[in-house]
Every structure is written in structure tokens, then in C-alpha cells.
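The structure appears below as C-alpha cells.
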Amino acid sequence: MDKTVSTLLNEQINKEFYSAYLYLDIANFFEAKGLNGFANWYEIQAREESDHAMLMYRYLQNNGEKVTLEAIAKPDKTLVEIMDPLHVGLEHERYVTSLIHAIYAAAKNVDDFRTIQFLDWFVKEQGEEEKNAQDLITKMELYGSDPRGLYLLNSELAARVYSAPSLVL
């Protein structure tokens, strides 16, 4: 595997674990606000991000590459208003998309077809992640100021269940 591609994938493992930390921090914010459904939604997001890190971890190992684990940064976003975490989530997903695209471009530059195929799933996943984050913002803008609407949205988010990714390495 090309050294640049391997390095970027190693760095992405750390960024995916950071994403999990960020989403746990957001879940904690919502739990403190009494919005357990929102907290549930972001706890599941955190588990998904950890799974993404582990997929990359296993991919590197399966390809004979050394995995280097670095310290995970503490989330540094200030969450005050109820919409803050939603906007932070969308902004973060857009950032992660840019990182996945950079790894994809690096793999493409060296004709690393195996890594390109591996990353195809992540490219699709990031499209879904951005849409989900935008949908939450849209729903909150439509219903969040009404206590009944907020209650129903919180109940909807509480019903979300965890589903492990089905990517085959």
C-alpha cells in the first residue's frame, strides 16, 4: 500500500474515534436537557463512528499495514442553544466527507483500486450522514419551537436502534 494512503487511513482512524467522542459529548448535552431521544440518536452515531474506525483499523491490518493509534482530542465545540449540536453535527459530517474524499483521491492517484473499492462504502455513508444531519436541522426548524412537536421528534429519535455496518473487508 502506498505510504500516503496508509498514513491518511491511520489518521482517519483517529478522526473517526474523535467523531465518536464528539457525538457522545452531544448526547451528554441532550441528556442534560432532558431530551433522551436526541441523546439516544447521538449515542448511536457515536457507535457508528467507532465502527468506522474499526473498519479502517481492520482494513489496514488485513493489508499488512501498521496501525498507529494516537491520542484522541477532547471535543472542543461550545454547545449552548438546542440547535448548536445539530449544526455542529452537520459541519462535522461535511468535514469528515472532505477527509474521506482526500483519502479516495490519494488512492486514485496511485491506482490503489482495492482501497478505492473499500472507500466507496464510506463515500456513500457520508452522503447519508450529511443528509441525516441536515434532516434533523430541518425537523427542528419546523417543529422544535412547539413543545408537542419537540416531544414527538424526541420520541422519534428515541426509537432509533443501532445497526452495525455491513461492509465486507
Side-chain angles (χ1 to χ4, degrees), residues 8-59 67 69-105 118-167:
L8 289 171
L9 283 167
N10 260 293
E11 290 171 357
Q12 191 62 30
I13 291 169
N14 182 274
K15 297 206 183 328
E16 296 292 337
F17 280 127
Y18 171 81
S19 297
Y21 269 37
L22 175 64
Y23 289 139
L24 284 176
D25 195 42
I26 290 173
N28 192 44
F29 171 85
F30 281 121
E31 193 68 43
K33 298 283 186 196
L35 293 169
N36 65 329
F38 282 82
N40 174 66
W41 199 88
Y42 280 101
E43 287 170 8
I44 290 172
Q45 282 299 110
R47 288 182 71 184
E48 286 186 3
E49 300 304 339
S50 292
D51 283 349
H52 296 169
M54 293 305 299
L55 287 168
M56 291 179 186
Y57 170 89
R58 180 60 52 209
Y59 179 76
V67 175
L69 301 175
E70 301 291 340
I72 301 167
K74 177 182 176 183
D76 63 349
K77 302 298 182 183
T78 302
L79 307 175
V80 178
E81 302 295 325
I82 203 161
M83 290 296 289
D84 291 346
L86 304 180
H87 288 289
V88 164
L90 178 58
E91 172 189 320
H92 185 72
E93 289 302 338
R94 288 177 175 160
Y95 169 66
V96 171
T97 297
S98 75
L99 297 172
I100 298 295
H101 288 178
I103 302 168
Y104 196 100
F118 171 71
L119 291 172
D120 281 342
W121 182 88
F122 288 93
V123 170
K124 181 178 179 278
E125 175 72 6
Q126 281 310 120
E128 293 172 10
E129 297 285 13
E130 285 187 34
K131 182 176 181 339
N132 289 340
Q134 182 60 61
D135 287 352
L136 271 179
I137 291 171
T138 300
K139 288 177 181 181
M140 274 298 289
E141 288 172 348
L142 289 170
Y143 315 117
S145 61
D146 173 46
R148 289 172 291 195
L150 182 59
Y151 174 80
L152 290 173
L153 182 53
N154 187 63
S155 297
E156 175 187 323
L157 298 178
R160 183 181 185 198
V161 294
Y162 175 73
S163 178
S166 59
L167 180 63

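For the numbers below, each heavy atom of this structure counts, side chains included, while hydrogens, waters and symmetry mates do not. Nothing here was measured: the structure is a model prediction, and the numbers come from that model.
- To the nearest 0.5 Å, the span separating CG on D120 from CD1 on I100 amounts to 11.5 Å.
- The two atoms that bring S145 and P147 nearest to each other are O-CD, 3.6 Å, heavy atoms only.
- Judged by distance alone, the side chain of N14 and the main-chain N or O of L69 form no donor-acceptor pair under 3.5 Å.
- Judged as a salt bridge (charged side-chain N to carboxylate O under 4.0 Å, His left out), and not counting sequence neighbours, the contacts of D135 are K131.
- Side chains of E11 and E70 form no contact here, defined as non-hydrogen atoms less than 4.5 Å apart.
- Summarising the geometry, atom CD1 belonging to I26 is positioned 10.0 Å from atom CG belonging to D84; distances are rounded to the nearest 0.5 Å.
- Using a 4.5 Å cut-off on side-chain heavy atoms (C-beta onward), Y143 and L152 make no contact.
- Remark: L35 CG to L157 CG distance equals 9.0 Å, nearest 0.5 Å.
- Classification of R47 and E43 as a salt-bridged pair fails, no side-chain N sitting under 4.0 Å from a carboxylate O.
- In this structure, G37 and N154 approach most closely via the heavy-atom pair N-OD1, 2.9 Å.
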Set out, in order, the CA-CA distance, both residues' side-chain angles and the distance that settles side chain to side chain donor-acceptor pair (under 3.5 Å) for Q134 and E93, then state yes or no.
CA-CA 10 Å; Q134 182 60 61; E93 289 302 338; over 6 Å; no
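- In this structure, K15 and L99 approach most closely via the heavy-atom pair CD-CD1, 3.1 Å.
- Judged purely by atom type and a 3.5 angstrom limit, N36 has no side-chain atom pairing as donor or acceptor with the backbone of A158.
- Taken to the nearest 0.5 Å, the CD1 atom of I103 stands 4.5 Å off from the CD atom of Q12.
- At least one side-chain heavy atom of M56 sits less than 4.5 Å from a side-chain heavy atom of F118.
- Separating the CD1 atom in I13 from the CE atom in M54 is a distance of 8.5 Å, to the nearest 0.5 Å.
- Applying the ring-ring contact (aromatic ring centres under 6.0 Å, His included) test between Y23 and each of Y42, F38, F17, F30 identifies Y42 as the sole match.
- Side-chain contact between V96 and E129 is absent, with no heavy atoms from C-beta onward closer than 4.5 Å.
- Interatomic distance, K77 NZ to D25 CG, rounded to the nearest 0.5 Å: 11.5 Å.
- Taking the salt bridge (charged side-chain N to carboxylate O under 4.0 Å, His left out) definition, one finds that E81 meets it with nothing, sequence neighbours left out.
- For the residue pair E49 and A20, the shortest heavy atom distance occurs at CB-N, 3.7 Å.
- In this structure, H52 and F122 have perpendicular ring planes: the angle between them is above 60°, well past the 30° mark.
- Between M140 and L150, the closest side-chain pair of non-hydrogen atoms falls below 4.5 Å.
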